[in-house]
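Shown next, in structure tokens, is the structure this report addresses.
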Amino acid sequence: MRVIDLTDEHRELFALCLEDWSPDAREGAPRRARWVERFLARGLRAKLAVDDNGTVGGMIQYLPIEHSCVRGAGLYFILCIWVHGHKQGRGDFRGHGMGSALLEAAEADARGLGAQGMAAWGLWLPFWMRASWFKRHGYRKADRQGISVLMWKPFTEEARPPRWFADPKRLPEDVPGKVTVTAFVNGWCLAGNTSCERAKRAAAELGDRVVYREIDVSERDAMAEWRRSDELFVDGAHVRTGPPPTYAKLRALIEKRLRRL
């Protein structure tokens, strides 16, 4: 197994988060590909783990924290580290050290770029981006917001811990007499993009009694203003987007609200 840098050869696969076998992944991939193009110019870094047969089985993406969805300076922020774990497509690559190798390579790269430390988000629940996994790799808690934990590993004495933005701002007002679908979208997360695209399509197909409103929080000022990223609401009610709800489920949810008008 080896770790390689992202090149044009694997750009499309990277935009699909290694799920090139999945029709669902392709729904959010164009938006993610546009985000990748923009943020490579802002310091986005990515590495891929390749097995002995030359198959890509894992990835990590990280960028200067100043361009991320959290507050901080002088650090690199890990948006996502992912080892493909589905039997479909390329198969299950978990349990072979790919995640640890990717993290080690990213930390070495960040040190070489002059970073004062590395930060990452994690969940204290044991199902995705586990905070406990980062803790085993020398990270410690810097901040917490609900089930999300900010973890970090300082490289220098000057390093300062990252922080979440303050509690989310209230939502913009719903449109009277309409069902209002509001999406806060960053662009980096394939799951968030897929949820957004499905909600947008469902809203458009259900006519002019449904208003779809999209708020781009990929820019730091917008993130600081709204303090939300990859969240979806229907008439102010939060819609769970991890994993992305199906198009049928989102459409049924909007139709239910329509019947109440």
Side-chain angles (χ1 to χ4, degrees), residues 3-20 25-49 56 58-83 102-103 105-122 128-129 134 148 150-153 162-165 183-197 200 214-232 241-242 244:
V3 175
I4 62 174
D5 292 324
L6 176 67
T7 63
D8 289 343
E9 176 187 0
H10 294 113
R11 181 82 70 86
E12 181 181 359
L13 179 63
F14 177 66
L16 285 161
C17 295
L18 313 186
E19 296 189 1
D20 50 339
R26 295 191 179 277
E27 292 184 61
R31 186 185 292 262
R32 176 166 153 75
R34 293 192 295 271
W35 178 88
V36 170
E37 187 67 31
R38 286 172 55 209
F39 279 80
L40 282 173
R42 304 184 186 190
L44 173 67
R45 311 281 289 181
K47 294 187 181 295
L48 307 174
V56 177
M59 56 174 269
I60 187 171
Q61 53 184 351
Y62 50 103
L63 78 173
I65 200 168
E66 293 83 358
H67 293 301
S68 77
C69 54
V70 302
R71 294 187 293 127
L75 311 174
Y76 267 76
F77 182 70
I78 299 171
L79 293 165
C80 179
I81 181 168
W82 160 241
V83 175
L102 285 165
L103 183 60
E107 289 176 357
D109 185 37
R111 287 178 186 270
L113 293 168
Q116 296 177 355
M118 206 79 170
W121 68 275
W128 170 249
M129 290 287 287
F134 285 102
S148 298
L150 265 182
M151 308 294 291
W152 81 307
K153 178 189 284 188
R163 292 286 183 262
W164 293 113
F165 284 101
F184 293 87
V185 191
N186 187 293
W188 72 265
C189 178
L190 186 63
N193 292 348
T194 300
S195 300
C196 167
E197 293 296 333
K200 182 178 181 180
E214 187 172 305
I215 300 174
D216 182 350
V217 290
S218 62
E219 296 297 334
R220 188 58 171 258
D221 289 347
M223 185 65 206
E225 177 185 358
W226 291 104
R227 304 186 286 276
R228 297 181 184 275
S229 181
D230 297 301
E231 293 188 61
L232 182 64
T241 56

* To do: Salt-bridge test for E19 and R32: reply yes if a basic N is under 4.0 Å from a carboxylate O, no otherwise.
  => no

* Just grab all the side chain to side chain donor-acceptor pair (under 3.5 Å) pairs involving residues 105-118, residues at least two apart or on different chains. => R45-D109, Y62-D109, E107-Y139, E107-K153

* Do the side chains of E9 and L48 get nearer than 4.5 Å, heavy atoms only? -> no

* Of all the heavy-atom pairs spanning P64 and G43, show the shortest one and how long it is. => CD-O, 3.4 Å

* Answer yes or no for R42 and F39: cation-pi contact, defined as NZ/CZ to six-membered ring centre under 6.0 Å and angle to ring axis within 45°. => yes

* Working to the nearest 0.5 Å, report the span between CH2 of W128 and CD1 of I81. => 9.5 Å

* To the nearest 0.5 Å, how far apart are CZ in R34 and CZ in R31? -> 6.0 Å

* To do: Identify the heavy atoms of W35 and L44 that sit nearest to each other, and give their distance.
  => CZ3-CD2, 3.6 Å

* **Closest contact, heavy atoms only, N186 versus S218** => O-CB, 3.2 Å

* Structure fact -> Correct closest heavy-atom pair for L103 and F134 would be CD1-CE2, 4.3 Å

* Hey, what do you get for CZ (F77) to CH2 (W121), rounding to the nearest 0.5 Å? -> 8.0 Å

* Between V36 and R11, is a side-chain contact (heavy atoms from CB on, under 4.5 Å) present by the stated rule, with each step listed? -> CA-CA 9 Å; V36 170; R11 181 82 70 86; 3.9 Å; yes

* If you measure from the Lys or Arg side-chain nitrogens to the Asp or Glu carboxylate oxygens, is any gap between E219 and R38 under 4.0 Å? -> yes

* To do: Mind listing the closest non-hydrogen atom pair of D230 and T241 along with its distance?
  => O-OG1, 3.8 Å

* Spacing of SG belonging to C17 relative to CG belonging to L190, to within rounding of 0.5 Å -> 4.5 Å

* S68 side, atom OG; W188 side, atom CH2 - distance, nearest 0.5 Å -> 10.5 Å

* **Spatial distance of atom CD (E66) from atom OH (Y76) [nearest 0.5 Å]** => 9.0 Å

* Does a side-chain N-to-carboxylate-O contact under 4.0 Å join E197 and R26? -> no

* Asked: Where do R71 and I65 come nearest, in terms of heavy atoms and distance?
  -> O-CD1, 4.0 Å

* **Main-chain N/O of V185 paired to R228 side chain as donor or acceptor, under 3.5 Å** => no

* Within 6.0 Å of CD in E225, more than 12 heavy atoms from elsewhere -> yes

